[in-house]
Amino acid sequence: MRDLTVGYGQTPVLFDISLAVNRGEIVCLLGRNGVGKTTLLRSIIGLNQPTKGSISFGGQDITKAPTYKRARQGIAYIPQGREIIPYLSVLDNLKMGFAASGKKGNRIPSEIFDFFPMLSDHLSRQGGLLSGGQQQQLAIARGLMCNPQIMLLDEPTEGIQPSIVQEIEDTLKRINEEKGITVMVVEQKIEFARKLAQKFFIMEKGAIVERGSTEQLTNDLLHRYLAV
Amino acid sequence: SGGTSSSSGGSDEAADLGENPIKVGVMYSTTGTIAIVEKSLQDATFLAIEQINSGTGPWEANGEGIAGRKIQKVVVNPNSDWDLYNQMSKRLIEEDQVVCVLGCYTSASRKSVLPVFEEKNSLLYYPVYYEGNECSSNVFYTGAAPNQQITDSIPYAYENFGPKGFFIGSDYIYPKESNRIAKAELEQAGGQVVGDEYAALGTTEFITIINKIKAAKPDFVLSNLVGDSIPAFYRQYKDAGITADDIPIMAYPTTEEEIQAMGPEFAAGHYTSFNYFQSVDTPENKAFVEQFKEMFGGDRVTNGVMEAAYLQTFFMAQAMKDALEAGEELNTETIRAATRGQEFSAPQGRVKIDPDNYHTYLYSRIGRWKEDGQADIVFSTDAAVKPIPWSQVLYKGRTCVHPSPDDRSDPIKETGKDLETQYLES
Amino acid sequence: MANAVLGYKQSTFPTKLVIISLIGLLIFAVLPFVLGTFQLSFLSKLMLFGTLAVSLDLVWGFTGILSFAHGVFFTLGGYASAYYLKLNLSAAANTYGVDIPDFMVWNGLEVLPWFIAPLKYFPIALLATVAVPALFAYIIGYFIFRSKVSGVYITIITLAIASALTTFFVSQQAYTGGTNGITDVSSLSFFGSEIPPIGLYFIILAYAAFVLALSWWLTQSNFGLVLRSINENEKRIAFLGYDVAQYKIFIWTLSAAMAGMAGGLFVPLNRFISPVYLAVAFGTQVVIWVAIGGRGTLIGPFIAAILLGQFQNYADRVTQDWQLIVGILLLVVVLFIPNGLMSLLPERFSLANLSKPTRISPRAPSEQKS
Amino acid sequence: MDAVLSVKDLNVVFSGFKALKGVNLEVYDNEIVTIIGPNGAGKSTLLDAIVGKSPVASGHVFYQGKEITNRSPHQVARMGVGRKFQNPNVYNQLTVFDNILLALKGSHGILASITAKLTKAKKGRIYDVLERTTLLDQAFEQVDSLSHGQKQWVEIGMVLAQDPSIVLLDEPTAGMTAKETRMTGEIIKSIAQTHSVVVIEHDMEFVKQIAERIVVLHQGSVLAEGSVEEVQSNREVIEVYLGREAISTAA
Amino acid sequence: MLDFSLTSMLSSLFLLAEEAAPAAEGISWIALLNQALNGIGIVGILLLTGLGLAITFGVMRIINLAHGEFIMLGAYVTFVMQDFFKMDLLMTIPFAFIGTALIGAIVELTIIRRLYGRPLETLLATWGLSIVLQGVVKLIFTAELKYVRAPSYLSGNLSFLTNEAGTSPIAISYYRLFIIAVALALLALTMFLFYGTSWGRQIRAVTQNREMAKCLGVNTKLIDMGTFAYGCGLAGVAGAVISALKTVAPPMGQDYLVDAWMVVVTGGVDKLIGILAGSFLIGESNAIIAFMLNDPLARVIVLAAVIVLIRYRPEGLFTVQKRA
Ligand SMILES: Nc1ncnc2c1ncn2[C@@H]1O[C@H](COP(=O)(O)OP(=O)(O)OP(=O)(O)O)[C@@H](O)[C@H]1O
Ligand SMILES: Nc1ncnc2c1ncn2[C@@H]1O[C@H](COP(=O)(O)OP(=O)(O)OP(=O)(O)O)[C@@H](O)[C@H]1O
Ligand SMILES: [Mg+2]
Ligand SMILES: [Mg+2]
C-alpha cells in the first residue's frame with residue numbers, strides 16, 4: 001500500500017499511508033479512537049475509494065478493483081459492528097462465504113465448528129437474533145469460510161467474553177499457522193495485540209507514526225500514542 | 001395517424017390561419033384514464049375544424065373559414081383530472097380569451113367547469129349523452145338527454161327480451177341516475193328490476209357482478225358501464241359462459257370504439273341504444289366516416305359521441321357565421337343567441353339545437369352488434385326527438401325554458417302535465 | 001456549522017429571516033394588482049396547495065411520516081365548507097326550491113341528514129372545517145401511532161385510507177354527491193356581501209403566511225428537534241423519556257387541521273369539491289411538491305407547489321404530453337437534486353438553518369441497527 | 001427492602017426461546033452492580049426488560065417501590081432510569097450538542113418542548129457533559145462523521161445529561177482505548193456517589209476497576225453473585241466465562 | 001360534535017345493514033359457493049400482479065410505484081406480438097417476461113441503482129418513472145384501448161352440478177383457472193430460486209446488508225440488477241396473462257397498484273409465501289363481501305380490514321423474528 005489518501009466526502013481522513021504486510025504475518029494496527037483505523041481497513045477491501053495512492057495485493061494492483069473482486073481474490077473483512085446478515089440463518093450466513101471462495105459445495109468444513117463450537121447449536125436461528133458476542137464469532141467464522149489469504153479484523157474482541165477472547169486469539173494463531181493466512185487486526189486491547197501479533201503499526205491522525213515488531217512495542221510508545 | 005394533436009398542444013401556428021382567427025378552446029384529456037374516450041372526441045373535433053377552415057366536408061358551400069375568418073384552436077389537456085378541467089377552463093377563458101370551448105366527457109368534469117362558465121359567462125359545447133337534470137344557459141348539450149336514449153330502449157327491451165332487467169353501471173352519477181330513470185320506465189312498462197349493481201369507475205374485475213347476474217336470471221342486462229370497464233365486462237361475461245341469446249345486454253355507453261377494443265365477437269348479439277351508429281345509412285355519414293378514416297387511419301371507427309363532438313363544432317361555426325354576417329361581434333351573447341335553433345344535417349340525420357333548453361334534437365336508435373363490430377340498426381325514430389332534460393317518469397312535467405337568450409334567470413318550468421314526445425319537423 | 005444549534009436561535013431575534021419574509025409577503029401582496037384575473041385565482045389556488053404541502057412537510061420532512069392522505073384532510077375540510085356554501089344557496093339558485101341540495105334530491109333523500117344540517121351555520125361550519133379533519137386524523141393517529149406500525153407501513157396505511165375513502169365517498173352519492181362531488185355552491189360572503197376574488201386572495205395569503213410562520217416557530221424549538229429525532233430513530237428517543245406517540249399524534253393532527261382549513265378555503269375559490277382531491281393521485285401530488293421543494297424546509301414545498309403549478313400551466317401550451325415533462329422533471333430532481341430545490345440556494349440564504357444539512361454517509365444504512 | 005431497583009423472577013421469552021429464566025436482582029442506592037456472563041447469557045435482555053424494550057413474560061420489576069413491569073420505555077425513562085445501549089445508538093443526523101440537548105433532564109412533554117428556552121444554565125450543563133466525555137471539540141459536528149469510539153462517548157454523554165437516578169450501561173467501554181476505559185471507570189464511580197449504576201462488561205480489567213458487587217448471568221439465570229474475588233474464583237464462572245488464562249492474569 | 005367522518009361511517013354501517021338484510025334472505029348457498037370458487041379467479045390475478053412487487057418491495061425493499069406500469073408494459077408486449085406476428089397468447093408470455101425484464105434492467109441501471117438505501121427517493125423516482133412510462137407508451141401506441149385475443153382452447157367453463165336444463169350453477173372459466181395456474185407456478189419457481197439456490201441466498205444477503213455482501217465476494221450490482229429485472233419480468237408476465245381478460249391502455253397499471261400493495265403487506269414481506277396468503281385473503285373476502293353487499297362497499301371494507309390488520313400485525317401475516 002502506497003501513499004494512500006482517503007476521505008469521506010471532502011474531508012480526508014487518511015494521509016499518505018504506506019505500509020506493507022508480508023504473507024503469513026500477523027500484524028496489529030493500534031491507535032486512538034477516530035484516527036482512521038477502520039477507514040484504512042475499509043480502503044483495503046474497497047469500501048472507501050482512495051483519492052490518491054495505490055493498493056496492491058499479492059503483487060497485483062487492486063486500487064481500482066471492486067470490493068467483490070477483492071473478496072474473491074482472498075481478502076476477508078470482519079468489520080467493526082459484525083455486520084451479520086440479519087434475516088439469514090446462521091448456516092446461510094456461513095454459506096455466504098462460498099460466494100467469495102468460489103467453492104460450489106454446500107458443506108461447511110468441520111474445522112469451522114472446531115473453532116467455534118457455539119455455532120453448531122444455533123445453525124438454524126437467524127443471524128440477527130444472536131447476542132453481540134455470538135455474532136462476533138459468527139462473523140469471524142464467516143470470514144474463514146471465504147477461504148482467504150488475508151483476514152482484516154476490526155476490533156474482533158469488542159464485546160466478547162474473556163474465555164472466547166482467548167479462543168479467538170488461539171484461533172487466529174492457528175489459522176495463521178495451519179493455513180498460512182495473513183492476519184491484520186485493529187485492536188484496542190494492547191495485551192491481546194501483544195500476544196497475537198508479530199508486527200504493529202500505530203496510527204495517529206490519519207497517518208502511521210510508528211511501526212515495528214511487537215517486541216519493540218514499548219510502554220513509552222504506548223504512552224505517547226495511546227495515552228496508556 | 002393522430003394528426004398534429006398528440007405532438008403539439010397549445011395554440012395553432014397563427015401563420016396559416018389568416019387574419020384575425022377565431023380562438024376556440026378544445027378541452028379533452030389525451031392522457032390519463034379517460035383519454036381512451038376523449039382522445040377520439042378531440043379527433044372528431046379536429047376533423048370538423050379542419051373542414052371548416054378549409055371549406056370541405058359539410059362546410060363546402062360556405063367557403064374557407066367562417067365569413068373569411070378561420071378557427072384557431074387552443075388545445076388543452078386536463079390529464080383526466082377534474083381539478084385541471086376547472087383550472088384549464090379558467091385559463092382558456094381568461095388568459096387565452098377564447099370565445100367558447102368545445103369539450104368535456106364525464107359528468108364530473110362538466111360539473112367541475114360549470115361554475116367557471118357561469119361565473120365568467122362563457123360558453124361550453126358539451127357533446128355527451130348525460131343524466132339530465134341540468135339546464136345552464138352557458139352550456140349547449142349536443143349529446144342525448146334521457147328521453148332520447150332511455151325512453152325508447154326500455155320498452156324495446158321489455159317487449160323483445162322480457163320483463164326482468166338487471167341493471168349495472170359504473171359507480172357515478174350518470175349511470176346511477178340513468179338507471180334510476182330506466183328503472184322507473186321499466187316499472188311503468190310492467191317490468192321489474194331484479195338487480196342493481198355498481199362497480200367503481202375503472203374497475204376491470206366483474207366476476208362478482210356476473211355471478212350475481214347468473215344467480216338472478218334476468219331477461220336482459222342494462223349496462224351503464226363506461227370507459228375501460230366495458231371491454232373487461234363483455235369479455236368476462238362471455239368467458240363466464242353467458243351468451244347474447246341467454247341474456248342480452250342493452251347498453252348506453254358501449255359504442256363502436258369499445259367494441260373494437262374488446263374484440264367484436266364478445267359483443268355480437270348484444271344491443272346499444274344511441275343516436276348514431278357508424279352504420280347509419282345517410283350520405284352525410286358516408287362522407288363523415290370516409291373523411292375521418294382518411295385523416296386518422298383506416299382502422300379507426302366512428303361512434304355516437306364522436307359524431308356529437310363533430311356536429312357540435314358545426315353548430316358553433318354556423319352560429320358564428322350568422323353572427324358575423326349580421327355584423328356582430330363574436331362574444332358569448334351573440335354566439336349564444338345565434339346557436340339557439342341552429343339546424344344541421346349531421347351524419348345521424350337532420351338535428352337542431354332546441355332554442356328553449358339548449359339541448360339537441362337527436363335521433364333515437366337501437367343497434368344490435370354484429371361479428372364485424374358494426375351494428376344492425378333494429379330501431380330508429382323517423383326524425384330527431386325533441387330533448388327534455390328531465391326524465392318525465394321521475395319529474396313529471398318538468399322542463400326547462402330559457403325565455404330569451406340573455407335571460408339567465410331560473411329556467412326551470414313546471415308544466416305540470418305530461419310532455420308529449422315531439423319530433424323535428426322537416 | 002454555526003447555525004446547527006437549534007436552541008440558540010430562539011433567544012436572538014431572527015432579523016434576517018424577518019426581513020426576507022416581509023419582502024416575500026410584500027411581493028405577494030403586490031402581485032394581484034399586477035396580474036390578470038386568471039393568475040389571481042390561479043395563484044390563490046396554488047397558495048392553498050402550497051399550504052397543504054407545508055402541512056405535509058411538518059409530518060414528512062420533519063417527523064418522517066410519509067403520508068398519501070393529506071389530500072384526504074384537505075378534502076374533508078373542503079366538504080365541510082362545501083356543505084356550508086351549498087346549504088346557503090339562495091332560493092332562486094337552488095334548483096329544487098327546497099332546503100336540500102340538488103344531488104340529494106336526485107338520490108332520493110327527502111330530508112337533510114342530521115349530520116349535515118348544522119353545517120348551514122357559519123361558526124359551526126368554520127369549526128368543522130378544522131375539527132373534522134383533525135378529529136379524523138386524531139383517530140387514525142391514535143390507532144396507528146400507539147402501535148408498532150412504522151415507516152413504510154404507515155405510508156401504506158395512508159395509501160389505503162385515501163383509496164378506501166375515495167371509494168366510500170363515491171359510493172355514498174346521496175350524501176356526498178358521488179364522483180361529481182358538491183358543485184354549484186354559492187360564493188363566500190361576508191355579512192351579506194360577496195367577497196371578491198381579490199378579497200379571497202388576501203384571506204388565503206394571510207392564511208398561508210400564518211401556517212408558514214406557525215410551522216417555522218414550532219420547528220425552531222426543541223419540539224422541532226424532537227421531531228427530527230423521531231424521524232431518525234424513534235425508538236431511541238423513547239428511552240430519553242419522550243412519549244413518541246404523543247408527539248406524532250400531535251403533529252399529525254395539527255397538520256391535518258392545517259390541511260383541512262386550506263381545503264375549506266379552497267371551495268369558495270374553486271366552487272366545487274369532489275373525491276378527486278381524496279384520491280391517491282392528488283395525495284401523491286402533495287408528496288411531490290414537498291419532495292421537489294425540499295423536505296424539512298417549509299418554504300421549499302410552498303414554493304414548489306406554486307412553481308410546479310405554473311410550470312404545468314405553461315408546459316400545457318407547449319405540448320399536450322406535458323405530464324411526461326413533469327415525470328422527467330421529477331426524475332431529474334430526485335436523481336440530481338436529492339435534497340430538493342431549496343438545497344440549491346447558497347447556504348447564506350437557507351432560511352435560518354431550516355434546511356437540515358443531510359450529508360449522505362456511505363455507511364449510514366447499516367449503522368442504524370441497535 | 002428499600003432497593004432502588006428490584007427484579008423478581010423475571011422471565012423473558014422470544015417466541016419460544018427462553019432468554020431469561022427467573023432472574024432476581026436488587027440494586028441499592030449509590031451502588032455499582034456489574035453484570036458479566038457469556039455472550040448470549042441474557043445480560044442485554046435483562047436491561048431491555050427493565051426499561052420496557054423487551055416484553056416480560058412473567059415476573060416483576062420494581063423501581064423505587066413502584067412496579068414498572070412492561071411499562072412503555074418513555075414512562076420508565078421519565079421515572080429516572082437511564083440506559084446506554086450496547087451498540088452506539090445516537091442521532092447521526094444531529095450534532096453532538098443536539099444529541100445531548102435532547103437528553104437533558106427536564107420535562108419532555110410537547111408544550112414544554114415548544115416553549116423551552118436554552119438558558120445559560122442548560123448550556124452550562126451541556127458543556128459540562130461534553131467536557132466530561134471529551135467531545136468539546138466535536139460539539140457542533142454531525143454525529144454521523146464521528147468514529148465508532150466517539151459515538152460511544154456521545155451515548156454515554158446522553159445518559160449523563162439525562163441525570164437519571166439509576167443508570168444502566170451496556171458495555172460502555174467497548175471500542176475504547178485503555179486510557180479512555182479508565183476514564184469511563186472514573187466517571188462511573190463518580191456517578192455512583194449519588195446514583196445507582198448497573199454495568200455490563202466483558203473487560204475484566206475494567207470490571208475490577210469499578211466493581212463492588214458482581215452478578216454473573218449464564219443461560220438466562222443468575223449463576224453467581226459476589227465480590228470480584230468471589231466471582232473470579234468460582235469454578236463455574238471460570239468454566240463458562242473467564243477461561244483458564246483469566247485466572248492467571250487475575251491472580 | 002360534528003364528527004362527520006364517524007357519522008358518515010355510522011350511516012354507511014346502517015346502509016350496510018339495510019343492504020345486507022334483503023341479500024341475506026335471497027342468498028342461495030349454491031350461488032355463494034359458486035362465488036367463492038370464482039373468487040379464486042380474483043385471487044389468481046392478485047397473486048400474479050402482486051408477485052413482482054413481492055420481489056421488488058418484499059425482497060429488495062424498493063418502494064416501486066411503477067409496478068403497475070411494468071404490468072402494462074407486459075400487456076403491450078403481448079399486444080405487439082399478437083398484432084405483428086400473430087402469436088398465440090401463450091407464446092407471447094416469454095417475450096413479455098424478457099421485454100419487461102430488459103426494461104427493468106435498464107431502469108435499475110439508470111435510476112434505482114443510485115438510490116439504494118434511500119427508500120423515499122426511490123418512491124418518488126418510481127412515481128416519476130410511472131408517469132414517463134405511461135407517457136411514452138401513449139406516444140407510441142396512442143391512448144386507445146388495445147385488443148388482445150385469448151387463446152380459443154382456453155375458452156369455456158369448468159362446471160359442476162350441471163342440471164337437466166344444461167346450465168350449471170357452479171362454474172369457473174378455464175381462462176381464470178389458467179391464470180391461477182400460471183400464478184402458482186411462478187410463485188413456486190420464485191420460491192425455489194430464492195430459498196433453494198445460492199443465487200437466492202445472495203439476493204437476500206445483498207438486500208439485507210449490501211456492504212457486507214460485497215465484502216463476501218458478491219457482485220452486488222449484478223445481483224441487484226438481476227433481481228429487479230426478475231421482479232419486473234414477473235410483472236410483465238402478469239400483464240401478458242391478464243391482458244386478454246381486462247383492458248389494455250396506458251393507464252391500466254394504476255388499477256393494480258394499490259391492490260398489489262395491499263396483497264404484499266397483508267401477507268407480510270418477509271416471506272414469499274405470505275403473498276399467497278395475502279391474495280387469498282383479500283381476493284376471497286372481496287368476492288364474498290361483494291356478493292353479499294356490493295363491489296364498492298366490499299372494497300372499502302377490505303381496505304379498512306387491511307388497515308386494522310397492519311395495526312395489529314404491523315409486518316403482515318408471515319413475519320420473521322426481529323431483534324430491535
Ligand atoms: N461516514 C463518515 N463520514 C465522515 N467522516 C467519517 C465517517 N466515518 C468516519 N469518519 C471520520 O473518519 C475518522 C476516522 O474514523 P475511523 O472510523 O476510521 O476511526 P477508528 O480509528 O476506526 O476509530 P475507533 O477506534 O473509534 O473505531 C474519524 O475522525 C471520523 O470522524
Ligand atoms: N429480540 C430477540 N428475539 C429473539 N431472541 C433474542 C432477542 N434478543 C435476544 N435474544 C436472544 O437472547 C439471548 C440473550 O441475548 P442478550 O443480547 O441478552 O445476550 P448478552 O448476554 O447481552 O450477550 P453479549 O454479551 O454477547 O452481548 C441470545 O441467545 C439472543 O439470541
Ligand atoms: Mg474503528
Ligand atoms: Mg449484550
Side-chain angles (χ1 to χ4, degrees), chain A residues 41-42 44-48 65-89 91-106 125-132 134-135 138-139 142-148 151-152 154, chain E residues 54-55 57-61 109 113-114 116-118 191-227 264 267-274 314-324:
Chain A
L41 294 196
R42 285 170 61 89
I44 299 175
I45 187 73
L47 292 175
N48 287 352
T67 302
Y68 76 94
K69 286 214 173 119
R70 300 187 200 199
R72 287 182 189 178
Q73 280 176 18
I75 305 181
Y77 174 55
I78 291 103
Q80 198 166 17
R82 300 139 198 143
E83 308 293 331
I84 295 304
I85 311 226
Y87 307 129
L88 288 192
S89 66
L91 184 66
D92 274 343
N93 260 290
L94 289 173
K95 282 184 177 173
M96 280 308 296
F98 289 130
S101 71
K103 278 190 197 144
K104 273 278 164 276
N106 250 335
R125 295 186 66 194
Q126 281 172 38
L129 294 183
L130 298 186
S131 81
Q134 293 169 326
Q135 289 189 9
L138 173 57
R142 188 179 57 186
L144 279 178
M145 288 290 304
C146 299
N147 201 16
M151 290 182 89
L152 312 172
D154 200 346
Chain E
I55 307 292
F57 175 65
V59 177
M60 301 185 77
R61 298 299 151 109
L109 215 60
R113 169 156 302 180
R114 301 150 171 264
Y116 285 118
R118 293 191 279 157
M191 284 180 60
F192 169 73
L193 281 176
F194 274 70
Y195 300 113
T197 67
S198 69
W199 184 61
R201 185 166 59 231
Q202 293 189 8
I203 290 174
R204 287 184 289 150
V206 168
T207 53
Q208 290 169 33
N209 193 335
R210 183 162 280 104
E211 243 180 31
M212 198 55 223
K214 273 188 213 166
C215 297
L216 290 168
V218 178
N219 185 348
T220 51
K221 290 190 171 161
L222 197 67
I223 293 276
D224 281 328
M225 192 172 81
T227 316
V264 172
V269 295
D270 294 328
K271 295 187 174 159
L272 277 173
I273 192 75
E315 323 228 295
L317 294 171
F318 289 80
T319 55
V320 296
Q321 227 185 321
K322 296 195 174 119
R323 193 172 170 157

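Chain A is the first sequence line, chain B the second, and so forth, proteins listed ahead of strands; every chain is numbered from 1.
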If you measure from the Lys or Arg side-chain nitrogens to the Asp or Glu carboxylate oxygens, is any gap between E:E211 and A:R42 under 4.0 Å? yes
So, the part of A:K69 with a heavy atom under 4.5 Å from chain E: the answer is neither
Could you look at A:P79 and say if it's the side chain, the backbone, both or neither that has a heavy atom under 4.5 Å from chain E? side chain
Residues forming a side-chain hydrogen bond (donor to acceptor under 3.5 Å, both in side chains) with A:R70, sequence neighbours excluded: none
Is it the side chain or the backbone of A:L88 that comes within 4.5 Å of chain E heavy atoms, both, or neither? both
Correct closest heavy-atom pair for E:R204 and A:D92 would be NH2-OD2, 3.5 Å
Apply salt bridge (charged side-chain N to carboxylate O under 4.0 Å, His left out) to E:D224 and list each qualifying residue two or more places apart in sequence or on a separate chain. E:R210
